[in-house]
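Quantities reported herein were computed from a predicted structural model and do not represent experimental measurements. Positions are given from 1, in the same order as the sequence printed here.
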Amino acid sequence: MALHISIIAPDRTVWDSDAEEVILPSSTGQLGILRGHAPLLTALDIGVMRVRTDKDWTPIVLMGGFAEVENDELTILVNGAEEGSSIDKEEAQKELEEATIRFNEAESSKDRIEATQNLRKARARAQASA
């Protein structure tokens, strides 16, 4: 028996399948989930989730949200998500470079916060596309 994973974004279900192992970008660091994990509710950060099915790892970019583990079911509610295989590597790298420039040029507190969020999203997309 495997761990059942559901990733739900506001506009669609991104993933609904079984896996052997998951690594989540929680707000306190990377969090590994295997079958038989204790019940858990955690906040998720912007970052790359990795899902292992058989011997293959699939990267999925998560744009923040929450994850709940209970009875070998992992339910993830996110603001947005994207499978790494659907991300164009060159485009993601270009977005990362542009986000870095905007971050370095941000002057006001509001602009700095927005630039930081955009940089984190661009970094996660670039990492997942690799």
Side-chain angles (χ1 to χ4, degrees):
M1 184 173 170
L3 180 65
H4 186 79
I5 303 164
S6 298
I7 302 173
I8 304 164
D11 58 341
R12 65 191 171 102
T13 298
V14 178
W15 185 281
D16 189 23
S17 186
D18 290 342
E20 304 302 316
E21 180 178 2
V22 174
I23 299 174
L24 294 171
S26 80
S27 58
T28 57
Q30 297 292 311
L31 178 64
I33 307 290
L34 297 168
R35 233 185 63 200
H37 197 285
L40 170 77
L41 180 61
T42 187
L44 297 175
D45 209 352
I46 295 171
V48 179
M49 167 184 169
R50 302 205 183 275
V51 179
R52 183 172 63 88
T53 52
D54 295 322
K55 294 182 182 183
D56 298 322
W57 286 92
T58 302
I60 300 172
V61 178
L62 302 180
M63 299 301 174
F66 294 92
E68 178 186 38
V69 179
E70 192 168 8
N71 299 327
D72 290 335
E73 299 250 344
L74 173 59
T75 304
I76 300 170
L77 303 175
V78 291
N79 299 322
E82 191 174 7
E83 279 194 58
S85 61
S86 68
I87 300 171
D88 180 87
K89 187 174 183 174
E90 290 176 13
E91 182 181 318
Q93 192 60 41
K94 182 179 174 188
E95 288 174 7
L96 177 58
E97 291 167 8
E98 291 171 359
T100 302
I101 291 168
R102 284 192 302 273
F103 174 79
N104 291 331
E105 293 174 349
E107 293 180 15
S108 73
S109 193
K110 180 184 176 205
D111 290 343
R112 185 93 128 155
I113 290 168
E114 187 175 314
T116 300
Q117 288 295 92
N118 289 334
L119 179 60
R120 292 172 70 209
K121 289 175 184 178
R123 189 176 292 138
R125 290 187 82 241
Q127 183 183 9
S129 71

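Ser129 approaches Lys89 most closely through the heavy-atom pair OG-CA, 3.6 Å. Scanning all heavy atoms of the two residues, the minimum distance from Arg52 to Ala19 falls at O-CB, 3.4 Å. Here the shortest heavy-atom pairing between Ala122 and Ala99 reads CB-CB, 3.9 Å. Of all heavy-atom pairs spanning Ser26 and Gly29, the tightest one is OG-O, 2.5 Å. Closest of all the heavy-atom pairs between Glu107 and Asp111 is N-CB, 4.4 Å. Across Ala43 and Phe66, no two heavy atoms sit closer than the pair CA-CD2, 3.9 Å.
Atom CD of Glu20 sits about 8.0 Å away from atom OG1 of Thr53, to the nearest 0.5 Å. If you take NZ on Lys121 and CD on Glu82, they are separated by 11.5 Å, rounding to the nearest 0.5 Å. Atom CD1 of Ile76 is separated from atom CD of Glu68 by 11.0 Å, given to the nearest 0.5 angstrom. Residue Arg112 holds its CZ atom at 11.0 Å from CD of Glu105, rounded to the nearest 0.5 Å. For the atom pair Arg102 CZ and Glu98 CD, the distance stands at 6.0 Å (nearest 0.5 Å). Residue Leu62 holds its CG atom at 7.0 Å from CD1 of Ile60, rounded to the nearest 0.5 Å.
Between Gln93 and Glu97, some side-chain heavy-atom pair lies under the 4.5 Å cut-off.
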Test side-chain contact (heavy atoms from CB on, under 4.5 Å) on Met63 and Val78; report intermediate values, then the result.
CA-CA 6 Å; Met63 299 301 174; Val78 291; 5.9 Å; no
Apply side chain to side chain donor-acceptor pair (under 3.5 Å) to residues Asp45 and Ser27 and explain how you reach the verdict.
CA-CA 5 Å; Asp45 209 352; Ser27 58; over 6 Å; no
Hey, mind stepping through Lys94 and Glu90 against side-chain contact (heavy atoms from CB on, under 4.5 Å) and telling me if it holds?
CA-CA 6 Å; Lys94 182 179 174 188; Glu90 290 176 13; over 6 Å; no
Verify side-chain contact (heavy atoms from CB on, under 4.5 Å) between His4 and Thr75, making sure each step is shown before the conclusion.
CA-CA 8 Å; His4 186 79; Thr75 304; over 6 Å; no
Thr100 vs Leu119, test: side-chain contact (heavy atoms from CB on, under 4.5 Å). Steps then yes/no.
CA-CA 6 Å; Thr100 302; Leu119 179 60; 3.4 Å; yes
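Under a hydrophobic clustering in which Ile, Leu, Val, Met, Phe, Trp and Tyr are joined whenever their side-chain heavy atoms come within less than 4.5 Å, directly or via other members, Ile87 and Met49 fall into different clusters. A single hydrophobic cluster is seen to contain both Leu44 and Ile7, as judged by linkage of ILVMFWY side chains at heavy-atom distances under 4.5 Å, directly or through other members. No single ILVMFWY cluster, assembled from side-chain heavy atoms under 4.5 Å apart, contains both Val48 and Val22. No continuous path of hydrophobic side-chain contacts links Leu31 to Val61 [ILVMFWY only; heavy atoms under 4.5 Å]. If you chain together hydrophobic residues whose side chains sit under 4.5 Å apart, Ile23 and Ile5 never meet in one group.
Checked by atom type and distance alone, the side chain of Asp72 pairs as donor or acceptor with a backbone atom of Gly36 at under 3.5 Å.
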